[in-house]
There are 2 protein chains.
Amino acid sequence: MLENITLQINEHVYLKDPVTSELGISIVGKSIDLLYELGFEDFTFKKLAVAVGSTEASIYRYFENKHKLLSYLTMWYWAWLEYRIAMGVINIESPTIRLKKCIQILTERVEEDGVFSQINEVKLNHIVIHESSKVYLNKQVDEDNQCGFFSSYKNIVKRVSDVVLEINKDFQYPHMLISTVIEGANHQRFFAKHLPRLTDVVEGKDTVVSFFQELVEKTIKH
Amino acid sequence: MLENITLQINEHVYLKDPVTSELGISIVGKSIDLLYELGFEDFTFKKLAVAVGSTEASIYRYFENKHKLLSYLTMWYWAWLEYRIAMGVINIESPTIRLKKCIQILTERVEEDGVFSQINEVKLNHIVIHESSKVYLNKQVDEDNQCGFFSSYKNIVKRVSDVVLEINKDFQYPHMLISTVIEGANHQRFFAKHLPRLTDVVEGKDTVVSFFQELVEKTIKH
DNA sequence: CGAAAACGATAGTATTACTATTATATTTGC
DNA sequence: GCAAATATAATAGTAATACTATCGTTTTCG
């Protein structure tokens with residue numbers, strides 16, 4: 001369903017919009033497979049070129065470098081999250097339930113979505129967990145920010161912060177709280193897999209969602 | 001004062017212990033200056049060699065690569081934090097006040113310390129904020145973990161978690177809470193400088209400490 | 001004082017991250 | 001339907017990076 005909807009991504013992140021050609025779509029699709037498999041450090045445009053059956057030079061016509069490509073994927077993920085949050089809270093009147101739903105969407109494990117056929121959301125979620133911090137933890141962050149690379153992220157934080165304020169208009173740190181939840185959920189998923197002593201994993205239960213829902217609920221109480 | 005105390009760092013992270021020679025100390029000291037200035041991506045052993053007035057080959061006799069060097073610095077920082085927490089809570093009887101103090105130490109801006117003369121703690125804190133995620137967000141993390149690279153980090157989380165449990169023995173997610181605070185504080189400091197819309201900055205007040213103290217206090221309440 | 005370790009100097013290699021050029025194929029606009 | 005523009009493939013090449021290797025000299029330490 002909804003096969004022909006696509007997410008609009010900031011045009012400064014690519015040189016040529018990848019969704020406008022077969023090759024571009026293939027570059028994005030294969031880059032997800034390769035980043036998932038190799039991690040950002042071992043991922044190169046040479047390997048990507050081989051994977052899509054093209055050449056390095058052709059990849060460079062779409063993306064300036066691998067950092068921009070990672071930014072593109074992360075921006076797509078945020079835009080997708082923004083869309084899912086907007087859909088997920090439609091018709092929910094109670095701000096408390098709406099907030100709970102937002103936190104759930106922000107922190108839950110991603111399942112195959114299938115709405116956007118060209119993108120594997122499960123692998124992309126894995127990439128976001130493992131690599132997305134690298135999108136902003138660098139020297140170009142201010143320039144990228146000026147180009148609007150983080151607008152979807154900011155929109156999400158703003159949107160959910162507003163629900164927090166609906167519940168408690170005096171709460172002083174709504175943006176800190178929500179950005180902490182978003183980053184925190186990704187980190188906890190990483191820790192659960194690689195550094196379990198830094199977390200609290202329980203068999204058969206998604207503690208990440210419960211933890212952050214409880215944390216938010218209690219923190220914003222009067 | 002206490003000029004001759006040094007922090008013991010896991011010996012698998014270096015090839016030759018840098019504190020055992022002038023050159024080694026100089027490598028560590030200058031690497032902090034350079035990482036602070038250039039960021040991890042633009043930092044190279046060639047540049048470091050020039051800065052210490054030595055050669056690339058000599059640097060490689062101390063550290064296998066720049067990732068291990070960053071790990072060394074981060075491990076030093078965690079060991080230092082562990083030490084400061086241990087000192088900071090001595091003689092505090094009340095677990096509530098002890099916890100508050102722990103959160104303060106974990107989240108406050110770092111001031112010049114001067115106890116460890118060879119290391120600039122302010123610059124190191126900046127490096128930890130900007131680069132330390134890269135220490136574990138990579139493919140070697142499991143191997144590094146097996147070597148014990150994260151033991152100080154785990155100790156801190158365990159130590160503060162125990163205080164949480166002293167206050168509320170039924171709280172289910174003490175480790176998640178504390179690791180979220182540690183990572184979260186670093187991220188919020190980064191956001192405050194580069195992506196302020198993701199945070200809540202107030203003139204003349206350190207909102208990061210207040211926010212996390214309030215968050216922890218409320219979250220662990222019955 | 002002799003052996004071992006540390007260091008500096010130099011050289012060299014494979015890979016990466018690009019840039020440039022040209023020939024061919026495809027699309028588009030008139 | 002054809003010229004012009006555009007997209008791609010193929011190839012080549014460069015500068016920087018991340019190392020590894022060798023060797024002679026100095027320093028240290030037992």
Side-chain angles (χ1 to χ4, degrees), chain A residues 11-31 34-35 37-73 118 131 134-135 137-140 143-144, chain B residues 11-31 34-35 37-73 118 131 134-135 137-140 143-144:
Chain A
E11 58 181 12
H12 295 100
V13 77
Y14 49 72
L15 296 169
K16 176 171 153 59
D17 190 348
V19 304
T20 61
S21 75
E22 285 292 327
L23 179 62
I25 290 166
S26 173
I27 286 170
V28 171
K30 287 287 180 192
S31 73
L34 275 185
L35 279 166
E37 199 181 309
L38 302 172
F40 187 64
E41 283 72 29
D42 291 344
F43 170 83
T44 67
F45 275 9
K46 184 92 196 88
K47 290 172 186 170
L48 179 56
V50 171
V52 302
S54 179
T55 63
E56 241 182 308
S58 295
I59 314 281
Y60 276 105
R61 259 181 241 113
Y62 286 85
F63 294 101
E64 226 176 297
N65 52 50
K66 70 176 182 172
H67 180 262
K68 285 269 167 74
L69 174 50
L70 180 65
S71 297
Y72 177 88
L73 295 176
Q118 68 277 35
E131 322 289 354
K134 299 166 192 168
V135 166
L137 292 178
N138 59 52
K139 290 279 168 187
Q140 306 107 272
E143 200 185 315
D144 289 354
Chain B
E11 58 182 12
H12 295 100
V13 78
Y14 48 73
L15 297 169
K16 177 172 153 57
D17 190 349
V19 303
T20 60
S21 75
E22 284 291 326
L23 179 61
I25 290 166
S26 172
I27 286 171
V28 170
K30 287 286 179 191
S31 74
L34 275 185
L35 280 166
E37 199 182 309
L38 302 173
F40 188 64
E41 283 71 30
D42 292 342
F43 170 83
T44 68
F45 275 8
K46 183 92 197 88
K47 291 172 186 170
L48 180 56
V50 172
V52 301
S54 179
T55 62
E56 241 181 310
S58 295
I59 314 282
Y60 277 104
R61 269 184 220 112
Y62 286 85
F63 294 100
E64 227 176 297
N65 51 50
K66 70 175 182 171
H67 180 262
K68 285 271 167 71
L69 174 51
L70 180 64
S71 298
Y72 178 89
L73 295 177
Q118 68 276 38
E131 322 289 356
K134 299 166 193 169
V135 165
L137 292 177
N138 59 53
K139 291 278 168 188
Q140 306 107 270
E143 199 185 315
D144 289 353

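So that the names make sense, note that chain A is the first sequence line, chain B the second, and so on, each numbered from 1. Since this is a predicted model, take the numbers as computed values, not measurements.
Among residues two or more places apart in sequence or in another chain, the side chain to side chain contact (heavy atoms under 4.5 Å, CB included) test is passed with B:L38 by B:L34, B:D42, B:K47.
Comparing C:dA17, D:dA21, C:dA20 by their closest approach to the side chain of A:Y60 singles out C:dA17. The A:L23 side chain lies nearest to D:dA9 when the options are C:dT10, D:dA9, C:dA6.
The separation between B:F63 atom CZ and C:dC7 atom C1' is 17 Å, rounded to whole Å. Spacing between atom NZ of A:K16 and atom P of D:dA5 amounts to 17 Å, rounded to whole angstrom units. One interatomic measurement links the two molecules: CD1 of A:I59 to C1' of C:dA17, which rounds to 13 Å at whole-angstrom precision. As a whole-Å value, the separation of B:R61 CZ from C:dA9 P is 12 Å. Following rounding to the nearest Å, B:D17 (CG) and C:dA5 (C1') show an atom-to-atom distance of 16 Å. Straight-line distance from the CG atom of B:L38 to the P atom of D:dA16: 15 Å, rounded to whole Å. If you measure from atom CG of A:L15 to atom P of C:dC18, you get 11 Å, rounded to the nearest angstrom.
Between A:E131 and A:L73, the closest side-chain pair of non-hydrogen atoms is not below 4.5 Å.
At the phosphate of C:dC7, OP1 or OP2 sits under 4.0 Å from a side-chain N or O atom of B:S21.
Residue B:E64 is classed as a sugar-phosphate contact, given heavy-atom separations below 4.0 Å to backbone atoms only. Note on B:Y62: only backbone sugar-phosphate atoms sit closer than 4.0 angstrom, heavy atoms only; bases stay farther off.
Considering CD1 of B:I59 and CD1 of B:I27, their distance stands at 4.0 Å, rounded to 0.5 Å. Distance check: B:L23 CG to B:S58 OG gives 6.0 Å after rounding to the nearest 0.5 Å.
Near DNA chain C, meaning a heavy atom under 4.0 Å from it, residues 40-56 of chain A has A:T44, A:E56 in order of number.
Remark: B:K66 is not positioned above the aromatic ring of B:F45, lacking an NZ or CZ atom under 6.0 angstrom from the ring centre and at most 45 degrees off the axis.
In terms of modelled atom types and a separation under 3.5 Å, the side chain of A:Q118 and the main chain of A:I25 share no donor-acceptor contact.
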